[in-house]
Every structure is written in C-alpha cells, then in structure tokens.
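For reference, the structure discussed in these notes is given below.
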Amino acid sequence: MKFNIAVLPGDGIGPEVMTEGVRVLESVGQKFNHQFILHYGDIGGIAIDRHGTALPQETLTISQNADAVLLAAVGGPKWDDPTAKVRPEDGLLGIRKELGLFANLRPVKIMPMLADATTIKPNVVQGVDLVVVRELTGGLYFGKPKKQWQTGRGRRAVDTLAYSEHEIERILRVGFELARTRRKKLASVDKANVLETSRLWRQIAIELAPEYPDIELQHVLVDSCAMRLIQRPTDFDVIVTENTFGDILTDEASMLAGSMGMLPSASLGTKNKGKLSLTGHSFGMYEPIHGSAPSRAGQNKANPIATILSVAMMLRYSLALAKEAAAIENAVLQVLKDGYRTYDIMEEGKSLVGTREMGSLIMKRL
Ligand code: NAD
C-alpha cells in the first residue's frame, strides 16, 4: 500500500529522534511492502527563523493533504523570550487546532525490564498499563479572552477556561469507546467541586454512562488522581480528562515508565467530518510526549523510542496496519530485553547506546 506522511522534525532533539523514527518506518515499508511518501515541513522555532511564523501555510497544507502526520518536538531557549510575538508552541497548538485533533491518546505501559529504571518503587509500577485520553483543542489553552494588560495598580493577565457540551461529549465518547477495547474501566477526571466547566463535564459523563453499561465509570477529582497515579497506578485503565489536567497528569504518568523518552502519543480528529474511529482509519498526528530537550540536542544522546513508538501508533490508528505496528513494538521490547539503554533509562550492567545506535538496533530486530 501507498501512504503520504507529513514529517515535522521541529527543534532541539526533534530532528535526531525523527531521523530514527523515519528509518524504522522505511524498514517497515521494505519488510511489509508498503510505500511511505514523506513530505517534510518546518514547525516551531525553525519555522520562526525561516518563515517568520511557527506554523507556515506550506506545513499546514502538506499535513492536511497527508494520510497522517509525524511530529517530533518544538521549542528552545533561543525562542523563549516571554515578550516575543511568536512562540514555537504557537505552531504546536495551531496545527492541533487547524487539523481538528481533539483527542490525544497517551498510553503508559511499563516494560517489565524497565521497572527498576523509574524513581518510583518497582512493585508500584510493575503491571501499569493505562491510557490517558486528553481533550486537546479546548479549555484554558484556547479560551478567549487570553491577554495581559497594564492597570493603574500593576499588570493583570487573564486566561479563559471554556468548554461546550459538544466538545465534552465527543472526548468522553472516545474514553468510553477506548475502554471498551481494553479492561472496561473509565476514570473521568475533573475538578467538579470548584470549576463550572468540570460540573458540566461530570453531568455529561453521567448522562452518557447508560449508553455504555459494560463500562465501569468512576469520577475522580484531578488532585486525587495526581496522588493515586503515584500511589496505585495499576488501578487505572482509561483516564479521560480536559486539556490542562491532561497535560499535567501525562507528564506525571510518564515518570511511571522511567522517562519521557519512552512515551508516544496520538492526536486524533475527524478530518473528513466522519466519526472518530479507533480501528485504524482516523486522521492523526503522532508525536513523542517529550519536548525538544535543548541541552541534549546534537549529541546523539536522546532516546528515540518515544518517536519510534509514535510511528507504531500511526500505523495502528491512521493506516490500519496493526501487524506492522506490533512488529515495531516487539522490536523495541526485544532491544530492551537485550539490555541496550539510552542514558535516560540506563542502569548498572546494561549497555549504553546513543540515539542512532538505538534506532539501528530496533531496525535490526524488526
Ligand atoms: P523536555 O521534555 O524537553 O525535557 C524534560 C526532561 O526530559 C529533560 O531533562 C530532557 O533532557 C529529558 N528528555 C526529554 N526527552 C528526552 C528523550 N527523548 N531522551 C532522553 N531524555 C529526554 O521538557 P522541557 O525541558 O520542559 O522543555 C524543553 C523545550 O521543549 C521547551 O522549549 C519547551 O517549551 C519545549 N516543549 C515542547 C513540547 C512539544 O514539542 N510537544 C513539549 C514540552 C516542552
């Protein structure tokens, strides 16, 4: 089969980890007889430098025309000035919004051989297998007004937390549907004791529940969820939550897996106004959950596994190539079983490798 893939390496370690992701994708193409036509685009800081905007129209066009989008990471100290008019993250938020990618899926599955690599006790993390479904195009990050201004008594700033019924219902449905394909437990995370948007969220979750009688639904306050994720993470199967809570909880959850460098993500939408499908035909953008790790850039040190596993998610959710996705996931597992580690997951007695070598080892195991 033939697929068009938009490839957006971005900044910092982005280009390095993306190179390994693309090499693994091309190996899958050769092995399983598929053609992946790659269309490269600039996004983030590099796009600001080259085009004066974090999301050039050309990048958006190639992404809109592709079957799926692969993105690495954006940002870095060069573009960090808080008074700057354009910021690398504008590119990230912009492309999610423009492509209508409202559902962000972040699986956190502990690889048994990495249980000792986390800062949390191995007996707590052993067996963790959960997915956070994060609403991605609404809430605080997008609500208006969003501004800073000068008053007679100093500066003020405002962000707006707003959600519509439609936005809440469609993301909750993704949570319910995903739970159906797994252990049938859904934790809907909100702050209904304080926030009005959360009260609407909880009301809608309660209204939808009778349509999914096979799913065990529980409501968890976000502060309690943050605690339980560290205390008893194996209690969770699918967690569904709004944008800001999801952003914070997924970084926390990544520590269960040992490193941000291990975790992939999928951001799914309905490009052609169809129904969002979890069976391989959704339009999506796939990216590691980590940032551009500027202090590690250009040193052949970054862990490319999160990007490589994002490629696997793309094969599964957008290209309906489940067998190929599993081949990548197995190859990663085998290489870890063989004892190879990048610096971020390194332990005594294991073999330290760089970005490039980790990519080559995974390709060899495919
Ligand atoms: P970060 O995710 O880049 O790094 C956090 C920590 O994890 C650092 O210690 C880093 O060295 C390490 N790390 C991250 N990815 C790794 C990998 N693949 N292998 C090994 N170690 C890895 O977050 P940060 O330091 O807060 O932010 C750095 C820049 O990235 C900032 O400009 C920020 O705005 C941007 N950022 C971008 C995204 C994105 O593109 N999705 C997400 C978060 C942060």
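As the structure lists them, so they are numbered: ligands from 1, and atoms in each ligand from 1.
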Testing the 3.5 Å rule here: is there a donor-acceptor pair between the side chains of [X] and [Y]?
{"X": "R96", "Y": "T137", "result": "no"}
{"X": "Y340", "Y": "E357", "result": "no"}
{"X": "H34", "Y": "E324", "result": "yes"}

Charged N to carboxylate O under 4.0 angstrom, [X] versus [Y]?
{"X": "E177", "Y": "R173", "answer": "no"}
{"X": "K78", "Y": "D49", "answer": "yes"}
{"X": "D237", "Y": "K184", "answer": "no"}
{"X": "R365", "Y": "D338", "answer": "yes"}

Options [options], ranked by nearest heavy atom to [atom], top entry:
{"atom": "atom 13 (N) of ligand 1", "options": "G44, A293, S265", "result": "A293"}
{"atom": "atom 31 (C) of ligand 1", "options": "G291, A73, G76", "result": "G76"}
{"atom": "atom 29 (C) of ligand 1", "options": "S292, G75, G91", "result": "S292"}

I need the nearest protein heavy-atom contact for [atom]: residue, atom name and distance, please.
{"atom": "atom 20 (C) of ligand 1", "result": "Y343 OH, 3.3 Å"}
{"atom": "atom 28 (C) of ligand 1", "result": "P294 CD, 3.5 Å"}
{"atom": "atom 37 (C) of ligand 1", "result": "V74 O, 3.1 Å"}
{"atom": "atom 6 (C) of ligand 1", "result": "M260 CE, 4.8 Å"}
{"atom": "atom 39 (C) of ligand 1", "result": "L92 CD2, 3.6 Å"}

Could an N or O of ligand 1 be found under 3.5 Å from any N or O of [X], whether backbone or side chain?
{"X": "P288", "value": "no"}
{"X": "N303", "value": "yes"}
{"X": "E89", "value": "yes"}

Check: If you count the atoms of ligand 1 from 1 in the order shown, which ones are under 4.0 Å from a heavy atom of G261?
Finding: 17 (C), 18 (N)
Next item on the list: Pull out every atom of ligand 1 sitting under 4.0 Å from any heavy atom of R296, numbered as shown with elements.
Entry: 11 (O)
Item checked: Side-chain (S63) to main-chain (A6) donor-acceptor, under 3.5 angstrom -> no
Next item on the list: State whether the side chain of N104 and the backbone N or O of A266 hold a donor-acceptor pair below 3.5 Å, judged by distance alone.
Entry: yes
Does some non-hydrogen atom of [X] fall short of 4.0 Å from ligand 1?
{"X": "W79", "result": "no"}
{"X": "A306", "result": "no"}
{"X": "E287", "result": "yes"}

Item checked: R23/E20 under salt bridge (Lys or Arg N to Asp or Glu O under 4.0 Å): CA gap, chis, key distance, verdict -> CA-CA 5 Å; R23 289 207 304 146; E20 300 316 307; 2.8 Å; yes
Below 4.0 Å, non-hydrogen atoms only: which portion of [X] touches ligand 1? Side chain, backbone, both or neither.
{"X": "D344", "result": "side chain"}
{"X": "H290", "result": "both"}
{"X": "I13", "result": "side chain"}

Next item on the list: Taking the six-membered ring of F102 (Phe, Tyr or Trp), confirm whether the NZ or CZ of R170 is under 6.0 Å from its centre and within 45° of its axis.
Entry: yes
